[in-house]
Amino acid sequence: MALIFNLPEDESFAHSLAKGLEWQQGALKFHEFPDGEISIRILTEIKGQELVLVANLHQPNQKLIQLVFFAETARAAGAKSITLVAPYLSYMRLDEISRPGEGLTSRHFAHVLSHYFDRLMTVDPHLHRYRTLSDLYTIKADVVQAAPLIANWVWRNVENPLIIGPDEESEQWVKMIAHEAKLPYIIFKKKRYGDNTVSISAPLMSEYRELTPVMVDDIISSGSTMVQGIKALLASGMKNPICIGVHAVFAEGAQTHLLEAGAVKVVTCNTIPHPTNAIDVSDLFIRMFQEQ
């Protein structure tokens, strides 16, 4: 049994964990001073306790100092261990140095979290050139996969679905979802020209025109990849698609761009709080804690 704490944005997710595990939810208070500095106070007795901190790490820069202060304060108060549950794990984008003098921020971020926490748990991190989180993190790092829950949502809500990956990087998630739901899938090919500029090419789609396209990716950020995927779909005579993302990063205007391009619905998991959240992944963490 552990005490569960959360950053302010993640109270609902932490409450789901506490309820499902029948663990106590601890009280935590941050105060911000006029100059932007913060202080922290842990209001629950934690000496000798195992702690779990829930913190989705979308928009991570401000949150990082909160994580550090929580961990330092908890250690000073005698906490036995601290597990970080980060439904969305940030700073996975830069996984190689491409320009002289560039910082490998994925490793820097992992170094900080590994120093302050004993364990990390997350949902579908954006692993591209890294094979596993253990390539980055020196603490125990567990990954839970949203594919079974996404497959179940598709199976229950979409008639005659075809699972589509908008680019080659999405294939690992698309294959898992298609396998779980026993559905056909295809993968588009992408060329990227910048942060917000891509082109998508689709295979011949004539045999799939009676199916409902369900485009899936791990992260919806600018939405540019999915927008181009939608355009390629519609140009090939397919129905308007449903778009599903594991992590609702959503740069400003991204959801609107998807709907204007022709998406009939945008659905995400609740790893980052957002109005599109329709797939609750908290049970994945509950089961992992129960099985340990």
Side-chain angles (χ1 to χ4, degrees), residues 1-33 36-92 107-125 132-145 270-273 280-292:
M1 181 176 291
L3 283 170
I4 298 180
F5 293 86
N6 59 273
L7 295 192
E9 191 179 44
D10 299 293
E11 184 170 359
S12 177
F13 202 101
H15 179 72
S16 295
L17 293 188
K19 183 178 179 180
L21 292 164
E22 298 183 341
W23 291 356
Q24 181 182 349
Q25 196 166 350
L28 179 64
K29 183 177 181 180
F30 287 101
H31 174 75
E32 183 169 342
F33 296 97
E37 291 186 8
I38 63 171
S39 66
I40 179 175
R41 185 180 176 198
I42 299 175
L43 303 175
T44 307
E45 175 58 48
I46 62 172
K47 186 175 182 179
Q49 297 288 322
E50 296 179 352
L51 308 185
V52 172
L53 177 64
V54 179
N56 88 77
L57 296 180
H58 181 227
Q59 300 293 336
N61 296 346
Q62 171 69 12
K63 293 176 182 177
L64 182 58
I65 197 68
Q66 294 175 328
L67 298 185
V68 170
F69 285 180
F70 174 83
E72 289 280 17
T73 303
R75 301 285 186 199
K80 182 179 179 181
S81 65
I82 313 173
T83 294
L84 176 61
V85 171
Y88 172 67
L89 180 63
S90 56
Y91 279 107
M92 296 297 294
R107 289 201 177 275
H108 304 334
F109 194 71
H111 176 76
V112 173
L113 295 190
S114 295
H115 177 76
Y116 286 101
F117 293 89
D118 300 292
R119 182 185 184 188
L120 170 67
M121 300 170 70
T122 191
V123 179
D124 290 325
T132 67
L133 284 182
S134 61
D135 290 345
L136 283 169
Y137 287 83
T138 57
I139 55 175
K140 180 175 174 58
D142 296 306
V143 171
V144 295
Q145 295 176 332
N270 64 334
T271 60
I272 300 169
D280 183 4
V281 298
S282 60
D283 277 350
L284 299 174
F285 293 99
I286 291 170
R287 286 200 294 268
M288 179 168 281
F289 277 119
Q290 290 172 334
E291 291 168 0
Q292 64 187 14

Quick check for you: to the nearest 0.5 Å, what is the distance between [X] atom [atom1] and [Y] atom [atom2]?
X: Gln62; Y: Leu7; atom1: CD; atom2: CG; answer: 10.0 Å
X: Asn56; Y: Tyr88; atom1: CG; atom2: OH; answer: 9.5 Å
X: Leu84; Y: Ile139; atom1: CG; atom2: CD1; answer: 7.5 Å
X: Asp10; Y: Asn270; atom1: CG; atom2: CG; answer: 10.0 Å
X: Lys19; Y: Ile286; atom1: NZ; atom2: CD1; answer: 10.0 Å
X: Phe69; Y: Glu37; atom1: CZ; atom2: CD; answer: 8.0 Å

Hey, are the side chains of [X] and [Y] touching, using non-hydrogen atoms and a 4.5 Å cut-off?
X: Phe285; Y: Val123; answer: yes
X: Thr73; Y: Arg41; answer: no
X: His31; Y: Ile38; answer: no
X: Val144; Y: Val281; answer: no
X: Lys80; Y: Ile46; answer: no

Using atom types as modelled and distance alone, determine if a side-chain donor or acceptor of [X] lies under 3.5 Å from a backbone N or O of [Y].
X: Lys63; Y: Ala55; value: no
X: Ser282; Y: Leu17; value: no
X: Arg119; Y: Val85; value: no

- Query: Counting only heavy atoms not in Gln290, do more than 12 fall under 6.0 Å of its CD?
  - Reply: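 Yes, the 6.0 Å shell around CD holds more than 12 heavy atoms from other groups.
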- Query: Within a reach of under 6.0 Å around CD of Gln25, are more than 12 heavy atoms found that belong to other residues, nucleotides or ligands?
  - Reply: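 Result for CD/Gln25: enclosed.
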- Under 30°, 30 to 60°, or over 60°: which ring-plane class applies to His111 and His115, parallel, tilted or perpendicular?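 Parallel.
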- Task: Assert yes or no for the condition that the ring centre distance of His15 to Phe13 is strictly below 6.0 Å.
- Result: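 Between His15 and Phe13, the centre distance exceeds or equals 6.0 Å.
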- Task: Have a look at Phe5 and tell me which of Phe70, Phe30, Trp23 forms a ring pair (Phe, Tyr, Trp, His ring centres under 6.0 Å) with it.
- Result: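 Only match with Phe5 under ring pair (Phe, Tyr, Trp, His ring centres under 6.0 Å): Phe70.
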- Asp118/Lys140 salt bridge by N-O under 4.0 Å criterion: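 Answer for the salt bridge query: no.
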- For Ser134, which residues count as a side chain to side chain donor-acceptor pair (under 3.5 Å) partner, sequence neighbours excluded?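 Checked Ser134 against side chain to side chain donor-acceptor pair (under 3.5 Å); matches are Thr132.
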State, to 0.1 Å, how close [X] and [Y] come at their nearest heavy-atom pair, and which atoms those are.
X: Leu136; Y: Arg107; value: CD2-CG, 3.5 Å
X: Gly26; Y: Thr44; value: CA-OG1, 3.4 Å
X: Tyr137; Y: Ser114; value: CD2-OG, 3.4 Å

- Of the options Thr122, Leu67, Ile272, which is the one that meets Leu57 in a side chain to side chain contact (heavy atoms under 4.5 Å, CB included)?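 The side chain to side chain contact (heavy atoms under 4.5 Å, CB included) with Leu57 is passed solely by Leu67 among Thr122, Leu67, Ile272.
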- side chain to side chain donor-acceptor pair (under 3.5 Å) assessment of Asn61 paired with Tyr91: CA-CA 10 Å; Asn61 296 346; Tyr91 279 107; 2.7 Å; yes
